[in-house]
Amino acid sequence: MALLEILEFPDPRLRNRAVPVTVFDAALSRLVDDMFETMYAALGIGLAASQVNVHQRLLIMDVTEDHSEPLVFCNPEILAREEVGVMEEGCLSVPGIYDEVERAQRIRVRAQDRHGVVFERDLEGIRAVCLQHEMDHLEGKLFVDYLSSLKRDRIRRKLEKERRDRAPAARTPAGAALSR
């Protein structure tokens, strides 16, 4: 297994719409395993393939603290939504930022597992919210899109500054002359 790079807002690749998963093979299974390893290492509870620059309709989630309920959804579609509510969300692609988003608190989803087997499942609470959040990624949408443009711009500037501050500074050896 391998850790994958998680794209961060405002990376334009996060805006790509994902295409359906059509091949259910060993490569897809490896991707799923790598995504779980990446998500757990980043202390997340959900991850869409779009966030690791694989634009297929695939997402994973595990909202348990002990990682005992890993769930895989290929080509998910929501069949029913109930009970709209507000919950604070965060995102591995928007690190350190949390805000309230309104979503259905109960959903019914149809999807395929990593082997292509179709299933339906009822989700509620954090599981329902997490699935909707990750499905947004498959459409090129981020949770910050639910916020005001002022908040979104402030978040973008903050994350860009943090990335610049983390980047290794270009260093010139002592006494070396700069030339063009």
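Throughout, numbering of the chain's residues begins at 1 and tracks the sequence.
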To the nearest 0.5 Å, tell me how far [X] [atom1] sits from [Y] [atom2].
X	Y	atom1	atom2	value
Asp99	Glu88	CG	CD	7.0 Å
Leu59	Cys74	CG	SG	8.0 Å
Arg15	Asp145	CZ	CG	4.0 Å
Glu65	Ile45	CD	CD1	11.0 Å
Arg81	Ile107	CZ	CD1	7.0 Å
Leu28	Leu58	CG	CG	6.0 Å

(request) State, to 0.1 Å, how close Thr38 and Ala2 come at their nearest heavy-atom pair, and which atoms those are. (result) OG1-O, 3.8 Å

(request) Considering non-hydrogen atoms only, spot the tightest contact between Glu89 and His133 and give its length. (result) OE1-ND1, 2.6 Å

(request) Determine the sole option in Arg163, Arg156, Arg157, Arg164 for which the side chain to side chain donor-acceptor pair (under 3.5 Å) test with Glu160 is passed. (result)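 Testing Glu160 for a side chain to side chain donor-acceptor pair (under 3.5 Å) against Arg163, Arg156, Arg157, Arg164 leaves exactly one candidate, Arg156.
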
(message) Suppose the criterion is ring-ring contact (aromatic ring centres under 6.0 Å, His included): which pairs have a residue in residues 78-97, not counting sequence neighbours?
(response) none

(request) Write out all pairs satisfying ring-ring contact (aromatic ring centres under 6.0 Å, His included) with one or both partners inside residues 68-108, taking only residues at least two apart or from two chains. (result)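 Every ring-ring contact (aromatic ring centres under 6.0 Å, His included) pair that includes a residue of residues 68-108, provided the two are not neighbours, is Phe73-Phe119.
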
(message) A cation-pi test, strictly: NZ or CZ of Lys151 under 6.0 Å from the centre of the six-membered ring of Tyr146 and no more than 45 degrees from its axis. Yes or no?
(response)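 No, a cation-pi geometry is absent between Lys151 and Tyr146.
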
(request) List, by chain and number, the other hydrophobic cluster members for Leu43, where Ile, Leu, Val, Met, Phe, Trp and Tyr join if side-chain heavy atoms come within less than 4.5 Å, directly or indirectly. (result)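 Grouped by the 4.5 Å side-chain rule, Leu43 forms a cluster of one, so the answer is none.
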
(message) Run the side-chain contact (heavy atoms from CB on, under 4.5 Å) test on Leu4 and Met35 for me, step by step, so that the C-alpha distance in whole Å, both residues' side-chain angles and the decisive distance to 0.1 Å come before the verdict.
(response) CA-CA 7 Å; Leu4 304 170; Met35 287 175 63; 4.0 Å; yes

(message) Among residues at least two apart in sequence or on other chains, which ones pass salt bridge (Lys or Arg N to Asp or Glu O under 4.0 Å) with Arg108?
(response) Glu120, Asp122

(request) Not counting sequence neighbours, which residues clear salt bridge (Lys or Arg N to Asp or Glu O under 4.0 Å) with Arg106? List them please. (result)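 Applying salt bridge (Lys or Arg N to Asp or Glu O under 4.0 Å) to Arg106 gives Glu82, Glu83.
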
(request) Say whether Leu142 and Leu147 are linked into one hydrophobic cluster, either directly or through other cluster members, by side-chain heavy-atom distances under 4.5 angstrom. (result)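 Yes; tracing contacts between hydrophobic side chains, which count when under 4.5 Å, links both residues.
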
Is the shortest side-chain N to carboxylate O distance from [X] to [Y] below 4.0 Å?
X	Y	answer
Asp34	Arg30	no
Asp33	Arg114	yes
Arg121	Glu69	yes

(request) State, without any angle test, whether Ser93 and Gln51 hold a side-chain donor-acceptor pair at a distance under 3.5 Å. (result)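 The criterion, which ignores hydrogens and geometry beyond distance, is satisfied for Gln51 and Ser93.
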
(request) Keeping the roles fixed (side chain from Glu134, backbone from Ala48), state whether a donor-acceptor pair exists under 3.5 Å. (result) yes

(message) If the condition is ring pair (Phe, Tyr, Trp, His ring centres under 6.0 Å), which residues does Tyr40 pass it with, not counting sequence neighbours?
(response) Phe36, His67

(message) For Asn75, run the side-chain contact (heavy atoms from CB on, under 4.5 Å) check against Gln56, Arg57, Arg110 and tell me which one passes.
(response)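 When side-chain contact (heavy atoms from CB on, under 4.5 Å) is applied between Asn75 and each of Gln56, Arg57, Arg110, only Arg57 qualifies.
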
